[in-house]
Amino acid sequence: MNIAMLLAQATARSPLSPAVFSATDLYANYQQLEQRVASIAYYLRNDLSHQAGDRVALILKNCPQYIEILLGTLHAGLAVVPINAKLHKNEFDYILANADVSSIFISAQFADTFPASQANSTPVICIDSDRYQSIMAAPALDLQERAANDLAWLFYTSGTTGQPKGAMISHRNLLAMTMSYFSSVDQIDNGASILHAAPMSHGSGLYIFPHIAHGARQVVCEQDGFDEQEIFTLLQYHPKVSLFAAPTMVHRLVNSSLSYDPASSHLKTIIYGGGPMYVADIKAAMARFGNKFIQIYGQGETPMTITCLTREDHGYHQHQTNKDSQQADNILASVGTAQLPVQIKIADTQGTKLSNGEIGEILVKGDTVMLGYWADPAATNQSIVDGWLCTGDLGSLDQQGYLTLKDRSKDMIISGGTNIYPREVEEALLLHPQIDACAVVGKPDPEWGESVIAFVIVAAGGTLSSEICDAWCIAHIARFKRPKNYHFVQTLPKNNYGKVLKTALRERLLTLEKL
Ligand code: AMP
């Protein structure tokens with residue numbers, strides 16, 4: 001079984017349907033896409049003599065070619081290594097060496113970083129070159145058979161701490177994720193579109209598969225970076241549009257001063273995930289765009305597939321007859337219920353199952369869980385114990401199976417022997433109309449073990465002080481959880497996927513202290 005079979009199936013059904021767009025320009029229909037994919041596969045296996053299972057790196061910003069190289073590599077029986085194009089050169093080098101790649105596809109902007117003939121002779125193919133164009137004249141290679149557990153995608157974790165690790169994602173994992181999209185996340189109707197506004201090396205790229213499976217359009221934004229104007233325009237142009245966005249992107253769409261006309265927009269679904277979405281923020285998002293939101297919780301180690309907070313879950317709080325607004329808020333503060341292919345268990349540090357309501361590590365089992373970490377059996381053994389993936393995230397399940405994330409275990413604060421979950425404090429602060437964003441971390445404290453510190457971005461035109469924030473927290477959360485100190489900042493450090501780097505904030509605290 002080769003996950004690239006999805007393309008052949010969709011093409012057989014509807015060869016002339018539009019497949020790939022660069023913004024509003026048609027790049028290829030399904031038949032053309034399949035031809036290009038089969039030629040790339042031929043080139044990799046015959047011209048470059050790659051062997052089944054070899055790894056091919058993609059260092060490309062989002063572009064139409066991303067889709068054909070990704071599928072061509074898989075079609076050829078090879079594995080893809082999509083690398084976030086915004087990483088530092090040292091990080092590229094680390095991943096390329098760690099994955100021991102056999103060739104690299106790059107965009108023109110990296111031509112100086114990766115000269116065509118590297119010292120180690122790894123072929124580098126620039127998608128803007130004549131060489132790339134000539135590949136399309138190669139004959140078609142037949143789809144190469146793979147075992148379900150063969151490596152398909154080496155997903156390098158975003159590495160908010162330490163070096164990134166390569167989660168080995170198999171063809172089976174990708175198929176289970178694809179089927180889970182239809183059973184637990186959303187339907188993809190005939191003639192639908194996915195808008196790739198987020199990096200295709202991560203969630204947006206993974207969602208290529210369910211959309212190929214249903215013969216949808218893949219629309220790649222032309223602007224470098226997330227551009228609200230372009231997104232609003234493309235939402236008017238393409239039919240039934242879904243997009244995957246990190247919470248920071250949703251925040252930008254909500255706060256955009258550009259006019260958005262729901263009547264002329266074909267927005268179907270915004271699927272968000274990858275980081276915490278606060279209740280106040282999702283309510284604001286629904287107020288602007290309507291009930292178009294679905295949240296997923298996943299990680300590279302079980303791509304896009306742990307839980308889902310459905311459209312219906314989002315709509316619950318708007319329901320006329322719903323009197324229990326606290327329950328509705330609890331649902332919105334959760335990440336939803338288990339997606340169909342996975343089982344979830346909350347466990348203590350010994351791996352023993354905890355009861356509903358108790359907080360522990362989230363463990364996951366199912367066909368989406370990775371094979372292990374590339375070339376790192378020690379990390380694999382730490383991560384997968386008795387078939388359960390240890391996510392490193394803390395959370396609790398309620399009676400109906402809704403999972404509420406607390407924090408990553410390393411971000412939890414223990415003050416005076418009591419656990420404090422930064423997310424709860426952040427949720428409370430964000431209810432304040434003058435707080436635009438915030439992040440709460442623990443700081444070593446001789447008396448308490450750790451104390452709670454908040455970094456706060458004040459909304460434009462707002463005036464806030466530590467005293468005002470403190471009074472606000474007293475009104476909203478237990479006194480012992482409230483921050484001891486506030487740092488008012490202009491920005492929060494984030495990685496390239498928009499996740500706040502709490503390690504960097506903790507380091508910043510140590511520096512501030514030395515001043
Ligand atoms: P990555 O492997 O880079 O996709 O990062 C996965 C991590 O992001 C998870 O282990 C969570 O800590 C966090 N994450 C993913 N989805 C969500 C979500 N919906 N809400 C909060 N955190 C999330």
Side-chain angles (χ1 to χ4, degrees), residues 82-84 86-87 91 95 153-169 173 177 184-185 198-207 244-251 270-279 281-282 285 293-310 313-314 331-339 342 344 346 361-364 368-370 373-374 379 383 389-396 402-412 421-424 426-427 430 439-440 494-503:
I83 305 178
N84 184 340
K86 287 192 184 146
L87 293 183
E91 294 170 291
I95 293 173
W153 181 312
L154 206 45
F155 183 107
Y156 276 84
T157 55
S158 43
T160 45
T161 52
Q163 292 287 15
K165 293 195 286 285
M168 294 189 285
I169 304 303
N173 295 152
M177 177 205 72
S184 301
V185 181
M200 289 161 90
S201 54
H202 200 256
S204 208
L206 285 158
Y207 276 170
F244 175 72
T248 41
M249 297 172 178
V250 176
H251 198 63
I270 296 182
I271 301 169
Y272 64 93
M277 170 68 91
Y278 302 98
V279 174
D281 287 343
I282 188 62
F293 293 89
I294 295 177
Q295 177 175 193
I296 60 102
Y297 158 53
Q299 57 176 208
E301 291 81 350
T302 168
M304 313 299 270
T305 320
I306 302 178
T307 62
C308 178
L309 188 74
T310 63
D313 291 326
H314 281 84
I331 289 178
L332 271 189
S334 79
V335 289
T337 54
Q339 292 193 34
V342 301
I344 295 176
I346 305 296
E361 185 172 7
I362 300 161
L363 310 189
V364 180
T368 51
V369 170
M370 66 168 180
Y373 289 115
W374 177 257
S383 248
L389 170 72
C390 305
T391 62
D393 292 320
L394 297 176
S396 65
Y402 283 90
L403 177 70
T404 301
L405 287 190
K406 295 300 169 185
D407 283 281
R408 290 197 65 76
S409 40
K410 62 181 184 322
D411 291 332
M412 187 178 78
Y421 299 98
R423 174 148 182 186
E424 187 189 346
E426 290 159 1
E427 290 269 13
L430 282 168
V440 167
K494 290 185 177 168
N495 73 9
N496 289 312
Y497 294 114
K499 285 186 217 286
V500 174
L501 293 168
K502 294 216 165 167
T503 313

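Atoms within each ligand, like the ligands themselves, are counted from 1 in listed order.
In terms of polar-atom proximity, defined here as any N/O pair under 3.5 Å, Phe155 makes no such contact with ligand 1. Checking only distances, Leu405 never comes within under 3.5 Å of ligand 1, N or O to N or O. Remark: ligand 1 and Gln299 share an N or O pair separated by less than 3.5 Å (distance only, no angle test). Distances between N or O atoms of Lys499 and those of ligand 1 include at least one value under 3.5 Å. Annotation: Asp393 places an N or O atom under 3.5 Å from an N or O atom of ligand 1; distance criterion only.
At least one heavy atom of His202 sits less than 4.0 Å from an atom of ligand 1. At least one heavy atom of Ile296 sits less than 4.0 Å from an atom of ligand 1.
At least one donor-acceptor pair under 3.5 Å links the side chain of Thr157 to the backbone N or O of Lys165. Checking side-chain atoms of Lys499 against main-chain N and O of Gly274 turns up a donor-acceptor pair under 3.5 Å. A donor-acceptor pair under 3.5 Å is formed between the side chain of Gln339 and the backbone N or O of Thr307.
In this view, Thr302 and Thr368 satisfy the side chain to side chain donor-acceptor pair (under 3.5 Å) rule, not counting sequence neighbours. Taking Tyr272 as the reference, His314 meet the ring-ring contact (aromatic ring centres under 6.0 Å, His included) condition, with sequence neighbours excluded.
The pair Lys406-Glu426 does not count as a salt bridge, with every side-chain nitrogen at least 4.0 angstrom from each carboxylate oxygen.
Heavy-atom proximity to Gly300, at under 4.0 Å, picks out these atoms of ligand 1: 1 (P), 2 (O), 4 (O).
The heavy atom nearest to atom 21 (C) of ligand 1, out of those in Gly298, Pro303, Gly275, is found in Gly275.
With a 4.0 Å heavy-atom cut-off, ligand 1 is reached by the side chain of Gln295 but not by its N, CA, C or O.
Of the inter-residue distances, the one linking Met304 atom CE with Phe244 atom CZ reads 4.0 Å to the nearest 0.5 angstrom.
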